[in-house]
Amino acid sequence: MSKHGHLDFIRQIVEDDIASGKHGGRVLTRFPPEPNGFLHIGHASAVCLNFGVAAEYGGRTTLRMDDTNPTTEDPDYVDAIARDIAWLGFEWEGGVRYASDYFGALYKLALQMIKDGLAYVDSLSETEIREYRGTVKEPSRPSPYRDRSIKENLDLFKKMRDGAFQDGEHVLRAKIDLAAPNMKMRDPLMYRIRHASHYRTGNTWPIYPFYDWAHGQSDGIEGITHSICTLEFQDNRELYDWFIEHTRPACAEIDAIPGAEGGGGSNLGSWNPRPRQYEFARRNLDYTVVSKRRLLELVREEHVAGWDDPRMPTIAGMRRRGIPAEAIRTFCGQIGVGKADNRISIETLDWAVREALNLRTPRVMGVLDPLRVVIENYPEGEVEWLKAPYFPQDVHDPPEGWPQTRKIPFSRTLYIECGDFSLQPPARFQRLTVGREVRLRHGYFVTCTDVIQDETGTVTEVRCTYDPDTREGSAPDGRKPSGTIHWVSADHSVSAQICLYDRLFSSPDPMAGVEDFSETLNPNSLEVLQGAQLEPSVVDDPPETTYQFERVGYFVRDQTTDSGAEVDTETNLVFTRTVALRDTWGKSSPGRHTSPKRDEKVEILPLVGVDSGFKEREKARASNPILKAAYDRFTADLKLTEDLADLLSNSEDSVTFYEDALATGVDSALLANWVIHEVRGVSDDNQTSALKPEALGALISLVEDHSISRAVAKTVLTQLVTSGGDPREIVEVEGLGRIADVEMIRNIVAQVVDEHPSEVKRFQEGQISLAGFFVGQVMKATSNRADPAMVKKIVEERLHAGT
RNA sequence: UGGCCCGUGGUGGAAUUGGCAACACGUCUGGCUCUGGACCAGAAGAUUCCAGGUUCGAAUCCUGGCGGGCCAACCA
């Protein structure tokens with residue numbers, strides 16, 4: 001199933017679920033945007049994850065508008081979101097779904113919760129609820145309304161639904177745990193009263209459900225199997241599960257809801273499938289902000305021209321910028337899925353964009369910053385139409401219907417890029433300078449003979465001669481000029497407005513350490529060039545064509561033109577730069593040759609007495625003479641190290657377990673080591689461990705008398721912890737006895753060495769870390785039964801013998 | 001004296017569950033080339049947050065510490 005070399009943790013979970021037959025192998029994910037803003041690059045990775053995972057495992061994905069807050073949501077956003085997802089290349093199951101489709105079901109589910117004594121109507125004010133909630137360190141105080149009768153709650157809630165109360169008079173709360181360390185579990189709110197018109201349900205509901213209540217139940221109703229969201233919802237998972245476990249799906253009358261595939265019986269928590277929530281870390285792109293609030297501010301305060309401004313990290317903005325959907329998908333795949341905080345560098349996006357564009361965009365020539373060139377030996381008034389290919393040889397995938405070539409005019413007066421000429425060229429400059437010959441791309445070789453300067457010394461015109469034998473770029477004598485530059489014919493070129501968009505912020509983390517993002521806003525995020533000159537062929541091309549302007553970058557023709565700048569009145573042509581070409585020239589400067597070293601670590605002073613775990617155990621010993629006595633016995637009689645004695649005497653259970661195992665007659669220190677280092681490693685919950693102290697003692701005596709290897713003992717230990725049993729029997733039945741026969745090991749080593757000639761070579765060339773590799777291979781070949789010390793010795797002998 | 005989560009080259013991340021610290025972006029060399037692009041070949045860059053411990057062997061197990069993120073909207 002796995003096409004990739006490795007799986008991210010989400011795919012790993014899905015794959016495991018399928019393997020174990022959960023939900024009958026069914027996979028249904030959902031993408032649940034709130035329609036209160038445009039989708040952005042951060043959403044893109046969630047979209048790619050949800051739709052991608054489902055598609056890869058034969059599943060489906062629903063698109064559900066999480067529209068539970070009537071005051072902020074808008075149908076325009078619904079359309080924009082759906083359009084963006086479709087544009088990204090994904091198809092959702094059935095029609096667009098809405099949480100508001102489930103308001104009726106949610107209401108019935110809530111009614112039943114009240115009947116079950118699991119929810120109550122609270123009549124505290126908003127501020128009172130806040131005050132009663134307590135803090136992370138202090139528990140909540142109970143609302144005086146917390147113990148209303150079921151009858152009263154039912155009555156009040158129905159009146160809330162019927163619109164009998166004003167906004168804020170009452171709320172419905174789940175009755176969970178006021179002292180819960182997880183704040184989300186302190187009687188969370190389920191419904192608020194809001195006499196507001198909802199864009200879909202109009203005025204039919206004066207009460208609206210909150211996210212935690214609506215989201216998980218919507219998942220249950222839709223039959224979602226894997227509910228994937230971002231890290232900040234980790235605390236909400238406990239509540240998500242609680243709601244799923246304390247609702248009776250049959251009450252929702254799910255059959256009546258269009259598209260509902262989930263459901264279940266009338267028992268508490270009988271959802272089938274039972275949805276589970278998983279969280280991944282959102283991706284943070286350098287030099288961008290993505291919070292809805294910030295994005296909205298950028299639009300409202302007119303720092304940008306709209307949600308689809310090419311500088312915006314929105315899907316719509318990137319689309320207008322000329323970034324293809326494929327590039328966004330590639331980018332999302334490239335940055336992966338994880339749980340660690342992260343900061344993606346912008347180069348990764350740029351790379352994905354170039355990767356997508358390189359193999360399919362037609363090449364044309366455009367001069368952004370024109371410098372006049374006169375070819376002195378070219379006849380005045382003459383024009384040649386030269387044949388120029390649209391695609392270099394390595395473009396295998398040109399857009400359908402594009403011709404292979406076009407004609408470009410050549411004449412006596414041309415424009416070249418100002419930066420392609422230099423009076424005092426720096427080292428390694430390969431472009432035009434006085435006395436040097438360069439190739440004009442798809443044109444002739446020209447040699448610079450002279451320049452004309454104005455009174456300030458600025459070059460205003462370059463004088464050249466051309467070699468008539470070099471038409472369309474090659475010389476009969478095979479000579480190669482130092483460089484190739486792009487150009488257009490001055491009389492034939494069309495002028496255009498070019499928008500050079502740069503990053504919106506000048507700081508990689510725009511919100512770090514500032515009050516307001518206007519402090520880090522990049523004032524030069526848009527540069528509008530008016531006098532750019534393009535080859536005339538572009539005029540006849542379809543609108544919104546993406547080109548590569550050779551040697552410059554990728555540009556898309558923009559028809560919308562609300563950049564705020566004056567449109568070129570003559571040709572009405574506007575181009576937006578999607579991304580510049582990768583440019584290795586001029587990039588090298590002192591200090592850029594090596595990667596920056598990691599900052600010197602600040603020396604951390606040794607801390608005294610901050611051993612919180614130790615302190616706790618110390619305290620336990622002070623108040624419990626049994627533990628104190630055990631500790632003393634461990635250190636004095638048994639000569640255990642203080643560390644081991646300390647850890648062993650942390651509870652009476654632990655002490656008893658150790659003493660019981662010791663009674664089998666094994667070495668005290670060896671046993672202590674195993675209890676602390678190995679037993680804890682394999683059993684995360686001692687309560688459920690099937691391991692008996694006698695069994696552990698027996699196991700260790702097998703290690704002690706060299707009947708089995710340590711590695712074998714560890715696998716047996718795992719078995720003992722999960723299913724119990726007698727170690728001697730296990731060893732006997734499964735034939736796990738230790739191999740310490742020198743000849744036998746020597747043979748296995750020889751075999752392993754023969755099977756890995758290249759590793760042997762590398763070892764002998766000095767990569768001695770490979771010794772571990774060989775030991776590992778031998779251990780594997782003997783199912784861990786060999787004596788590792790002996791194996792190591794023989795491996796080293798053998799490997800060194802070969803040198 | 002709160003709970004939960006997370007620390008692996010500059011960046012994003014692998015490591016098949018204790019056995020060669022992958023891969024990609026970026027950086028640097030060189031080659032090729034009618035784009036200083038693409039492509040090809042190569043290089044540098046890592047005390048796997050730190051300190052102890054267990055082990056023949058630790059990114060992985062144990063103990064302790066440090067650092068970062070999220071949570072106390074009638075937002076989602």
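We name chains A, B, ... by the order of the sequence lines, and we start the count at 1 in each one.
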Check nucleotides 56-60 of chain B for protein N or O atoms closer than 3.5 Å to its own N or O atoms and list the pairs.
residue	atom	partner	partner atom	Å
C56(B)	O2'	Lys792(A)	NZ	2.8

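Contact annotation for Val791(A): no contact, since no heavy-atom pair falls under 4.0 Å across all strands. Residue Asp350(A) is classed as having no contact, given no heavy-atom separation below 4.0 Å to the nucleic acid. As judged by a 4.0 angstrom heavy-atom cut-off over every strand, Tyr554(A) is placed among residues making no nucleic acid contact. His486(A) comes within 4.0 angstrom of nothing in the nucleic acid, heavy atoms only. The residue Glu550(A) sits close to a base: some heavy atom pair falls under 4.0 Å.
When the side-chain nitrogen and oxygen atoms of Arg130(A) are compared with OP1 and OP2 of A73(B), one or more of them lie within a distance under 4.0 Å. Using a 4.0 Å cut-off, some side-chain N or O of Arg133(A) falls inside it from OP1 or OP2 of C74(B). Proximity of Arg283(A) to the phosphate of G13(B): a side-chain N or O atom is located under 4.0 Å from OP1 or OP2. When the side-chain nitrogen and oxygen atoms of Arg582(A) are compared with OP1 and OP2 of C25(B), none of them lie within a distance under 4.0 Å. Taking only side-chain nitrogens and oxygens, Ser345(A) never comes nearer than 4.0 Å to OP1 or OP2 of G12(B). Between Ser125(A) and C74(B), a side-chain N or O to OP1/OP2 separation shorter than 4.0 Å is absent. Taking only side-chain nitrogens and oxygens, Arg617(A) comes nearer than 4.0 Å to OP1 or OP2 of G64(B). A close approach under 4.0 Å does not occur between any side-chain nitrogen or oxygen of Arg431(A) and OP1 or OP2 of G36(B).
A distance of 8.5 Å separates CD of Glu678(A) from CG of Asn673(A), quoted to the nearest 0.5 Å.
On a pure distance criterion of 3.5 Å, no polar donor-acceptor pair joins the side chain of Glu347(A) and the base of U11(B). Evaluation of atom-type donor-acceptor distances gives no pair under 3.5 Å for the side chain of His6(A) against the base of G13(B). The base of G2(B) is not paired with the side chain of Asn182(A) by any donor and acceptor separated by under 3.5 Å.
Nearest approach of Glu417(A) to Leu368(A), heavy atoms of both residues: OE2-N, 3.0 Å.
Between His170(A) and Tyr145(A), the gap from one ring centroid to the other reaches at least 6.0 Å.
Only the C1' atoms considered, G69(B) is 26 Å distant from C62(B), to the nearest whole Å. Atom P of C50(B) sits at a distance of 32 Å from the matching atom of G42(B), rounded to the whole Å. Taking atom P in both A22(B) and C49(B), the straight-line distance is 16 Å, to the nearest Å.
Nearest-nucleotide positions on RNA chain B place Asp8(A) closer to the 5' end than the other of Gln777(A) and Asp8(A).
For the pair Arg354(A) and Tyr554(A), the cation does not sit on the ring face, since its NZ or CZ is not both under 6.0 Å from the ring centre and inside 45° of the axis.
Base pairing in RNA chain B gives the following stems of 3 or more Watson-Crick or G-U pairs, range against range and under 3.5 Å: B:2-7 with B:66-71, B:10-12 with B:23-25, B:27-31 with B:39-43, B:49-53 with B:61-65.
For the pairing with Asp67(A), the side chain to side chain contact (heavy atoms under 4.5 Å, CB included) check across Pro33(A), Pro35(A), Pro32(A) returns one residue only, Pro35(A).
Other residues, nucleotides and ligands contribute at most 12 non-hydrogen atoms within 6.0 Å of the NZ atom of Lys793(A).
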